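Just so it is clear, the model here is predicted, and its values are computed rather than measured. To find a chain, count down the sequence lines: A is the first, B the second, and so on, and within it residues start at 1.
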There are 2 protein chains.
Amino acid sequence: MVDLSLESIEIPAGKKVGQPASAKRREGASDAASPMVTAFREHELVFAEGDAASQRYEIIDGAVMLFKVLPDGRRQLVELLGPGEMFGLTCDDEHDCSAETLVATRLRSNRRLDCSEVPAAVCAMCQQLQEKVKNLHEHTVILGRKSAMERVVSFLLRLAEMSNAKRANGHIRLAMTRQEMADYLGLTIETVSRSLSDLRRRGLIVFDKADWFHIADREGLELLSGDC
Amino acid sequence: MVDLSLESIEIPAGKKVGQPASAKRREGASDAASPMVTAFREHELVFAEGDAASQRYEIIDGAVMLFKVLPDGRRQLVELLGPGEMFGLTCDDEHDCSAETLVATRLRSNRRLDCSEVPAAVCAMCQQLQEKVKNLHEHTVILGRKSAMERVVSFLLRLAEMSNAKRANGHIRLAMTRQEMADYLGLTIETVSRSLSDLRRRGLIVFDKADWFHIADREGLELLSGDC
DNA sequence: CGAAAAGTTGATGGCTTTCAAGTCGTGTGG
DNA sequence: CCACACGACTTGAAAGCCATCAACTTTTCG
């Protein structure tokens, strides 16, 4: 496992006191192919969720946390990183989470690798891995910071989003047992069952038969997801 | 986002009833460089946590769940995958989680890519991504299935493991505020504080000063981690 | 049809959160 | 050097959400 020394390094900067978590991000930009080293003090923002992802970073020494924040302010750290570890890798054009130093840290920044430089199979695998990481980040927020109802709703909406890519009629198959849903969402079968019954009673979803359902009130569901 | 159709496909197999979760895994092995397609019924085990990771898989159609199980039986699904998505990618020699079909599924299996076939920089990145995924899987179990005390203990043990790679004296810096720990572990600062105080009172950890501590009873801690 | 598995619903309890007050530690300024 | 102030941390009390336990209903499949 990669070493994560949470030990502070000495940064010759004058002001030693870290900015609060609301610190502005620093632009340690590196041009084209030239790697560049940037020093950060503790609790400095490297980039924020939604920022353009032009760079990827490698920790020389220090430590970095990656986190996501829900609209109502709930925060979930999704990764803790130490020397040698990389972050800022993404398959999208923007970062899916924010990055902030925990201690004084030096980062090496590089431009993102161009997929044309590597075999297609390898590129596809990297893309898949990055997609995986992004999905796991989202799921981490669900498990760490969402209520039972929010988890179930988030799950249903994700299912709908995925299914609709294929079939537009809106009918979605719930090809999982309650136990599997519970084990995915970090809940018990009873809580999942109660949440689904509640959503059905409130008219937000409709069970067509067995394990098929469709969404009757998408806006209503989205309000319950914790994501808006 | 990759499409995850949870729709069942028709498998001409005679017995339609899926085996229970305790199903034996199937060896859909592919030789050397030849990709091979294998059909699975619903709730069939593709591989188990700890199995040798000789293959990687791509879902042609169907759906697969990846999960981890704690020694006492608590289960946490760590990924839900649909058509086009890959799994079984790992930087280690064995799988860090089990894979089971949710519905009838066809999988294309390939041998794992050899790092010598691609540029070193790309290989390093893939390795990092796979390490990330593995860490996120572990964290998913912590958030989904562990109690507050188990989360805090797991966190301390991980910190110790990482720090000890560098310094063997056993003294570990806790370079995070209680709020950051709480946001990492999906708890509140009060719960984190209470858990740490409890561990200190019970003599399992000792706070040397400010944010430095060391483990006084590793076995005792491990028993509280939920991992044994 | 009957048994077993899956799902639902209710009652209760426990763990964690919330709210609140107090303590500790560090940096500042008199 | 010490008093003060502010933030970080700790501790207590009470509430709330979800888990647990239990009974029942529904579905599935031989």
Original post:
Reckon L187(B) touches a base, only the sugar-phosphate, or nothing at all at heavy-atom distances under 4.0 Å?
Top reply: sugar-phosphate
With a 4.0 Å cut-off on N to O distance, would you call [X] and [Y] a salt bridge?
{"X": "R75(A)", "Y": "D183(B)", "result": "yes"}
{"X": "D198(A)", "Y": "R194(A)", "result": "no"}
{"X": "R106(B)", "Y": "E58(B)", "result": "no"}

Does [N] have OP1 or OP2 sitting under 4.0 Å from an N or O in the side chain of [X]?
{"X": "R200(B)", "N": "dT11(D)", "answer": "yes"}
{"X": "R201(B)", "N": "dT11(D)", "answer": "yes"}
{"X": "T188(A)", "N": "dT20(D)", "answer": "no"}
{"X": "T191(A)", "N": "dC17(D)", "answer": "no"}
{"X": "R178(B)", "N": "dT10(D)", "answer": "yes"}

For the pair made of [atom1] in [X] and [atom2] in [N], what is the distance, rounded to whole Å?
{"X": "L143(B)", "N": "dT16(C)", "atom1": "CG", "atom2": "C1'", "value": "15 Å"}
{"X": "L174(A)", "N": "dG7(C)", "atom1": "CG", "atom2": "P", "value": "9 Å"}
{"X": "M149(A)", "N": "dA19(D)", "atom1": "CE", "atom2": "P", "value": "13 Å"}
{"X": "F207(A)", "N": "dT26(D)", "atom1": "CZ", "atom2": "P", "value": "16 Å"}
{"X": "K146(A)", "N": "dT17(C)", "atom1": "NZ", "atom2": "P", "value": "17 Å"}
{"X": "L185(B)", "N": "dC15(C)", "atom1": "CG", "atom2": "P", "value": "19 Å"}
{"X": "D211(B)", "N": "dT10(D)", "atom1": "CG", "atom2": "P", "value": "11 Å"}
{"X": "I189(A)", "N": "dT9(C)", "atom1": "CD1", "atom2": "P", "value": "13 Å"}

Subject >> Check: dG7(C) base within 3.5 Å donor-acceptor of R194(A) side chain >> reply: no
Subject >> base_contact_polar (dC9(D) base, E190(B) side chain, donor-acceptor, <3.5 Å) >> reply: no
Subject >> Residue whose nearest DNA chain C nucleotide is more 5′ - R145(A) or T177(A) >> reply: T177(A)
Subject >> Side chain to side chain, F213(B) and L159(B), heavy atoms closer than 4.5 Å >> reply: yes
**OP:** State, yes or no, whether a side-chain contact exists between I59(B) and F87(B) at a heavy-atom distance under 4.5 Å.
**Re:** yes
